[in-house]
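Take a look at the structure below.
Just follow the structure's listing: the first ligand is 1, and inside any ligand the first atom is 1. Only heavy atoms go into these numbers, but all of them, side chains included; no hydrogens, no water, no symmetry mates.
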Amino acid sequence: MNKNDIATILIEDMTTEGEGIGHADGFTLFVKDTVIGDTVRVKVMKAKKTYGYARLMELVSPSPDRTCAPCPVSKACGGCQLQCLSYEKQLEFKRNKVKGHLQRIGGFGEDVTEKILPTIGMDQPFRYRNKALIPFGEKDGRLIAGFYAGRTHSIIEQSDCLLTPEEYEQILLVLLNWAEKCHLRAYQEETGKGTLRHVLIRKGFSSGEIMVCPVIATRNLSEETKRLLTEQLTELKPRLNITSISLNVNLKQTNVIMGTDGLINLYGPGYITDRIGEISYRISPLSFYQVNPIQTEKLYGTALKYAGLTGAETVWDLYCGIGTISLFLAKSAKMVFGVEIVPEAIRDAERNAADNKITNAAFYTGKAEETMPALYRSDPEKYRADVVVVDPPRKGCGAELLDTIQQMGPERIVYVSCDSATLARDLKILCADGRYRIGAVQPVDMFPQSVHVESCVLLQRVGNTRPKAITLDVDMEDYYRIKGDRTNG
Ligand code: SAH
């Protein structure tokens, strides 16, 4: 097939990124905005030797699994790649995605299929996000708020996103009104001109507390402008529980959203609180917090179940962030050690432990792959690992850390992952020498309507032999630096 050719095809499969896959004359075509079972007329936009990319021209006959996308701008936005697919099929898609990665990248056989449980879904797969980061822009000289179209940096005007709480729209309208009154322009990345960059809005779903934090490109906003912002936002108060208003300063000419050039607190304590299960967490504007609290509770519940704690175990929580998983597990463990690279997050973790009166958790700032082996070598009994939990960012754990974990030989490893491709790569390494095997894989739908899938995996040690001592070469200077950082322990 060639560019501009027209074909009518049946969509037989979908890629892990949510594009439909069909065939015409033995040629494979990838088509956005289609779902399995659709018959579509498409136009080839780009042709390679055996495959190509085509654009949907006409939906000839819709799949029985196609639903009407409720969002009017879902196509232009591109954030909800699966909105046209029934929710039940979305959950199936995610399980298949995990399975595909475990087999193709992880090298696991067909027998892994029975270990992969059905995806845990939501009863209400919209309005689940507690956090919105909305960019400002200008259209015909007028300030607008919306979202970036596809992978571009042009902003499409839209004040309500169906994934976030309805009341965020009212906040946005107040902000636009305030900015207009104060003659604030939208920041332009190309020129570095303008003031208003983004707004971060967060809500504690269990507490109802809302945080509003505009990101601005100046340290010199007038007192009158700040006062007006607080006044207008707090006027929403009878209806909305806005408890924290602050300004984040980002002076850099970059597309990184949150700045490190200052945080100006205008109203409230500078943070909101939320509760997952029995644990309460303080969330400040810069700290990482899971975006879907309803599913997070199910995810952590799965991690707790897989950890199989009896109260006698020493548990490591690597990549612990503000200590969310550590504190969730602490009541069932003897001791929990958390490691995280961001110092502010560790401070939050310690405060969260204190707020919840948890005394059997200690947190360390540092790289997981360096801090854990160093501490273990300093006192192999105290820092033993009965259970290791990892929750790395998308890039996964890396061989170095996996090597350390294997040498410490915990009875169980619980791998929480937001990227099934790197998960598969890491599980292959962990299971390579036959000492660990997959006990269960639980996909959890943290991001309904999108192609992303979270998974919680249990690895069990085969046999009872614990390795004697690790032989890793650890830099002693590094070790003392880490000991100097120790807190609570
Ligand atoms: N478990 C937490 C956070 C998971 S996000 C929760 O559920 O909320 C991943 C975390 O890993 C981030 O907080 C990030 O700062 C941290 N991180 C990234 N690289 C790291 C490394 N090499 N060592 C330790 N932590 C790291």
Can you tell which part of [X] has a heavy atom less than 4.0 Å from ligand 1: side chain, backbone, both or neither?
X    : value
Y319 : both
D391 : both
V342 : side chain
Y300 : side chain

| Ring centroid separation F328 to Y300 under 6.0 Å | yes
What protein heavy atom lies closest to [atom]? Include the residue and the distance to one decimal.
atom                    : value
atom 18 (C) of ligand 1 : P393 CG, 3.8 Å
atom 5 (S) of ligand 1  : F288 CE2, 3.7 Å
atom 8 (O) of ligand 1  : T324 OG1, 2.8 Å
atom 12 (C) of ligand 1 : E340 OE1, 3.5 Å
atom 22 (N) of ligand 1 : E369 OE1, 3.4 Å

| query | Measuring from the heavy atoms of A345, does anything fall under 4.0 Å of ligand 1? | reply | no
| With a 4.0 Å cut-off on heavy atoms, is C418 touching ligand 1? |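 Contact check C418 vs ligand 1: negative.
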| request: Please check if atom NZ in K32 has more than 12 non-hydrogen atoms from other residues, nucleotides or ligands closer than 6.0 Å. | output: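 No, because the 6.0 Å sphere around NZ of K32 holds 12 heavy atoms or fewer from other groups.
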| request: Return yes when atom NZ of K395 has more than 12 non-hydrogen atoms of other residues, nucleotides or ligands closer than 6.0 Å, and no otherwise. | output: no
May I ask you to say whether [X] pairs ionically with [Y], meaning some side-chain N is under 4.0 Å from a carboxylate O?
X    : Y    : answer
R95  : E92  : no
E400 : K367 : no
D261 : K252 : yes
R384 : E381 : yes
K298 : D445 : no

I want to know if ligand 1 touches [X] in the polar sense, i.e. an N/O pair below 3.5 angstrom.
X    : result
A368 : yes
I341 : yes
K367 : no

| task | Could you please spell out the steps behind the salt bridge (charged side-chain N to carboxylate O under 4.0 Å, His left out) verdict for K94 and E454? | result | CA-CA 9 Å; K94 294 189 184 190; E454 190 89 11; over 6 Å; no
| task | Look at the aromatic rings of Y383 and Y364 and report parallel, tilted or perpendicular, splitting at 30° and 60°. | result | perpendicular
Would you mind listing which atoms of ligand 1 come within a distance below 4.0 Å of any non-hydrogen atom of [X]?
X    : result
G321 : 3 (C), 13 (O)
G366 : 23 (N), 24 (C)
C320 : 1 (N), 2 (C)

| query | On the ring face of Y271, is R282 found with NZ or CZ under 6.0 Å from the centre and within 45° of the axis? | reply |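 The answer is yes, since R282 meets both limits relative to Y271.
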